[in-house]
Amino acid sequence: MLKNRTTAEKLFDWGNIALMLVICFLTIYPIWYVIVNSFNEGQDAMRGGIYWLPRVFSLDNYNTVFQNKGLMTAMGITVAKTVVGTALHVFFTAMVAYAFSRKELVGRTLYMYIGTVTLFFSGGLIPYYLLIRDLGLLDSFWVYIFPAMFSFFDLIIFLAFFRELPEGLEEAARIDGANDFKIFYRIIIPCSMPVIATISLFHGVYQWNDYFTAVIFTNNPDLQPIQTFLYRIVALSGSNQIASMVPDNVVRKVTSQSVKLATMVVATLPIVIVYPFLQKYFVKGFMIGSIKG
Amino acid sequence: MDAHATTSVKLEKQRNKKSKVYMLARKFMAQRYLQAMALVGIAWMIIFSYVPLYGLIIAFKEYDITRSISKSPWVGLAQFKEFLTDDSLPYVLKNTLAMSALKLLIGFPIPILFALFVNELRSLRYKKIVQTISYLPHFLSWVILGGILTTWLSDVGIINDLLMALHIIKEPISYLAEPGYFWTIIVSSDIWKELGWNAIIYLAAIASVSPDLYEAATMDGASRFQKMFLITLPMIKGTIAILFILAVSGILSSNFDQVFILKNQLNESASNVIDTYVYQVGISEGRYSYSTAVGLFKSIIAFLLLLSANYVTKKLNDTSLL
């Protein structure tokens with residue numbers, strides 16, 4: 001078939017390859033621009049015109065970032081909420097999904113209806129805010145964890161996966177007298193790694209990137225994650241926040257803009273490194289979720 | 001039939017009912033671990049989803065922070081009337097609808113086209129690299145994207161550099177400070193961020209199209225464009241229809257994260273949307289009942305839009321979500 005390609009076909013193929021190259025360039029370049037500017041000396045970068053490589057290479061911006069205590073606290077909060085939040089979300093949602101997946105569960109149809117309603121109707125911002133306030137979660141680390149611990153949408157993805165597991169899987173354990181919870185974490189979890197990877201990535205990205213929960217529910221600066229820290233810098237142009245983080249010995253070289261860029265790179269790097277490895281899982285998980293959902 | 005027989009039938013039925021309840025209770029106890037696992041999920045949903053739904057009744061009350069929801073006085077539809085006659089309604093509604101409509105008109109078809117062209121790439125390896133790169137922006141938060149945009153659009157940013165080098169403009173423009181540029185920035189940054197991600201679902205649908213169809217078309221001498229638009233596109237129209245229904249029902253919900261970050265006092269007249277308005281009057285000004293009414297108004301319209309989009313696509317296409 002390849003031999004018989006006509007000129008028109010070849011032209012199409014080359015045109016298509018070129019088109020994709022352009023799209024890839026447009027996708028990567030904005031990010032590259034931030035990276036090279038973050039490695040350039042701040043004062044010099046203010047003149048603009050740094051497009052491909054740093055003009056005056058400098059690590060001062062990154063030094064400033066890593067020496068700043070508030071920023072490191074924010075980074076710690078982000079890591080903590082991502083790790084704890086994702087682990088709990090995945091375990092809890094998978095557990096409920098496993099129970100929902102068993103056909104003999106009494107009340108299963110009713111439970112599914114209760115869940116489906118949550119997909120279509122929500123109380124909106126203010127009733128939700130009042131609930132969080134009444135639960136005493138304002139200015140608490142757990143506001144990142146408990147309200148995000150479960151999602152019916154993710155439950156549907158788990159359900160679709162559990163349905164494909166072979167029937168006899170649990171038999172041996174049941175004969176040995178293991179209860180359903182034991183079966184869940186001893187047998188079902190180890191067999192469900194692809195879907196667990198998918199949901200972990202989705203939820204991990206949500207936890208890592210979420211800035212709004214902290215904006216609305218906490219006033220305590222020690223509880224703000226890195227994205228909220230950045231939000232205050234970017235949207236409220238809080239250069240004071242940055243000015244205060246620059247140590248005296250490097251004050252002449254870095255600017256609030258250059259430190260901002262370095263912070264952005266640090267706050268993004270972990271996710272960008274992780275996602276390509278999980279790509280084959282999430283593409284599958286995404287399909288199940290969107291077809292069933 | 002005599003009275004005696006009727007009573008015995010009744011008794012029989014009652015006994016059956018009793019034993020049914022009894023059996024169910026026994027079954028329930030036998031699967032108590034399973035039930036516990038399910039019921040903690042139900043408990044979570046009741047607390048975090050259903051309690052806020054109950055909280056919606058403050059839209060019909062004058063909620064007072066010192067009193068509980070149930071003790072606050074009823075005011076009927078007063079909050080809705082206030083919103084419908086408020087000065088901010090016209091421009092907030094205009095901004096919401098305009099940005100959503102632009103996203104729908106431009107942002108909806110582009111991932112479909114992208115998926116069609118990616119599918120035509122011959123080299124599997126190149127295809128995979130293109131996909132991996134195109135997913136990248138989805139993983140950046142809107143905060144990061146806000147940072148990138150403010151950098152690009154600043155006075156010494158690359159956009160001003162480029163336009164001045166091409167002599168399109170003479171003086172640098174502060175794009176985010178001018179309401180006139182806001183919608184363009186919103187729509188194009190949304191496309192940049194979600195292009196590859198939104199194409200995943202179409203690529204998955206395309207992958208399930210039977211290769212026989214393409215072979216037959218090749219025999220008949222169809223060109224690549226003909227195959228793309230006469231085979232691939234019609235074969236995935238069900239997926240397109242479902243995503244279209246969802247997109248239409250979301251027309252009143254702007255991407256809150258995105259708008260919230262790029263909005264400032266200078267571009268407020270083009271950037272304030274229903275969602276940010278709810279935040280502003282509700283959280284910042286503390287008018288809980290009023291802003292809940294605004295939010296509820298939005299949800300009701302969105303639900304009606306969902307139903308009508310569902311109806312229309314069903315008529316046109318035999319595909320429906322509900």
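Every chain is numbered from 1, with letters handed out A, B, ... down the list of sequences.
- Between chain A and the residues B:S289, B:S249, B:P52, the most heavy-atom pairs under 4.5 angstrom are made by B:P52.
- The shortest non-hydrogen separation linking A:A99 to B:M37 is CB-CB, 3.9 Å.
- The 12-atom threshold is exceeded at CD of A:E104, counting heavy atoms of other residues, nucleotides or ligands nearer than 6.0 Å.
- Of the two parts of B:L176, neither the backbone nor the side chain holds a non-hydrogen atom closer than 4.5 Å to a non-hydrogen atom of chain A.
- At least one donor-acceptor pair under 3.5 Å links the side chain of B:W44 to the backbone N or O of A:F146.
- Here the OH atom belonging to A:Y128 is positioned 8.5 Å from the OG atom belonging to B:S49, to the nearest 0.5 angstrom.
- Put simply, of B:V130, B:L24, B:I129, B:I42, the one with the most heavy-atom pairs under 4.5 Å next to chain A is B:I42.
- Every side-chain hydrogen bond (donor to acceptor under 3.5 Å, both in side chains) that B:T150 has, sequence neighbours left out, goes to A:K260.
- Heavy atoms closer than 4.5 Å to chain A are found in both the backbone and the side chain of B:I158.
- The structure places CE of A:M20 at 12.5 Å from OG of B:S123, a figure rounded to the nearest 0.5 Å.
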* **Worked verdict on A:I126 versus B:I283 for side-chain contact (heavy atoms from CB on, under 4.5 Å)** => CA-CA 8 Å; A:I126 303 300; B:I283 304 292; 4.0 Å; yes
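- A 4.5 Å side-chain heavy-atom check between B:R122 and A:N16 finds every atom pair outside the cut-off.
- Nearest heavy atom pair, residue B:I144 against residue A:A267, reads CD1-CB, 4.3 Å.
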* To do: Would you check, one step at a time, whether the test side-chain contact (heavy atoms from CB on, under 4.5 Å) holds for A:V272 with B:F139?
  => CA-CA 7 Å; A:V272 172; B:F139 292 95; 5.5 Å; no
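- With rounding to the nearest 0.5 Å, the separation of OG1 in B:T132 from CZ in A:F277 is 11.0 Å.
- When ring centroids are compared, A:Y231 and B:F260 come within the 6.0 Å threshold.
- Within the model, atoms CG of A:L230 and OG of B:S141 stand 7.5 Å from one another, a figure rounded to the nearest 0.5 Å.
- The side-chain heavy atoms of B:Y50 and A:T118, taken from C-beta on, include a pair separated by under 4.5 Å.
- Residues B:F48 and A:L135 meet the side-chain proximity criterion, which asks for heavy atoms closer than 4.5 Å.
- The aromatic rings of A:F12 and B:F117 lie parallel to each other, with less than 30° between the two planes, well short of the 60° mark.
- Looking at B:Y135, both its backbone and its side chain come within 4.5 Å of chain A, counting heavy atoms on both sides.
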* To do: Kindly indicate, with the supporting measurements, whether the criterion side-chain contact (heavy atoms from CB on, under 4.5 Å) is fulfilled by B:V40 and A:F92.
  => CA-CA 9 Å; B:V40 284; A:F92 188 73; 3.8 Å; yes
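- Side-chain contact between B:L140 and A:I31 is present, with at least one heavy-atom pair separated by less than 4.5 Å.
- The shortest distance between side-chain heavy atoms of A:I23 and B:S134 does not fall below 4.5 Å.
- Using a 4.5 Å cut-off on side-chain heavy atoms (C-beta onward), B:Q31 and A:V106 make contact.
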* **Full working for ring-ring contact (aromatic ring centres under 6.0 Å, His included) between A:F120 and B:F303** => CA-CA 8 Å; A:F120 289 96; B:F303 193 67; 7.2 Å; no
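- B:Y126 contributes a side-chain N or O that, together with a main-chain N or O of A:I17, makes up a donor-acceptor pair within less than 3.5 Å.
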* To do: Apply the test side-chain contact (heavy atoms from CB on, under 4.5 Å) to residues B:Q35 and A:Y111: give CA-CA distance (whole Å), side-chain angles for both, the deciding distance (0.1 Å), then the verdict.
  => CA-CA 11 Å; B:Q35 284 291 343; A:Y111 296 167; 2.8 Å; yes
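- For A:R133, the CZ atom counts as densely surrounded, since its 6.0 Å shell holds more than 12 non-hydrogen atoms of other residues, nucleotides or ligands.
- Separation of atoms CG (A:L105) and NZ (B:K27) is listed at 9.0 Å; rounding is to 0.5 Å.
- Interatomic distance, OG of B:S68 versus CG of A:L130, reported as 11.5 Å (0.5 Å rounding).
- At a threshold of 4.5 Å between non-hydrogen side-chain atoms, the residues A:P127 and B:T292 count as touching.
- Around the CE atom of B:M164, the shell of radius 6.0 Å holds more than 12 heavy atoms that belong to other residues, nucleotides or ligands.
- Ring-plane geometry between A:F212 and B:F256 is classed as perpendicular, the angle between the planes exceeding 60 degrees on a 0 to 90 degree scale with a lower cut at 30.
- Around the CZ atom of A:F91, the shell of radius 6.0 Å holds more than 12 heavy atoms that belong to other residues, nucleotides or ligands.
- Side chains of B:I148 and A:M264 form a contact here, defined as non-hydrogen atoms less than 4.5 Å apart.
- The pair A:D180-B:R32 fails the salt-bridge criterion, with no side-chain N (NZ, NE, NH1 or NH2) lying under 4.0 Å from an Asp/Glu carboxylate O.
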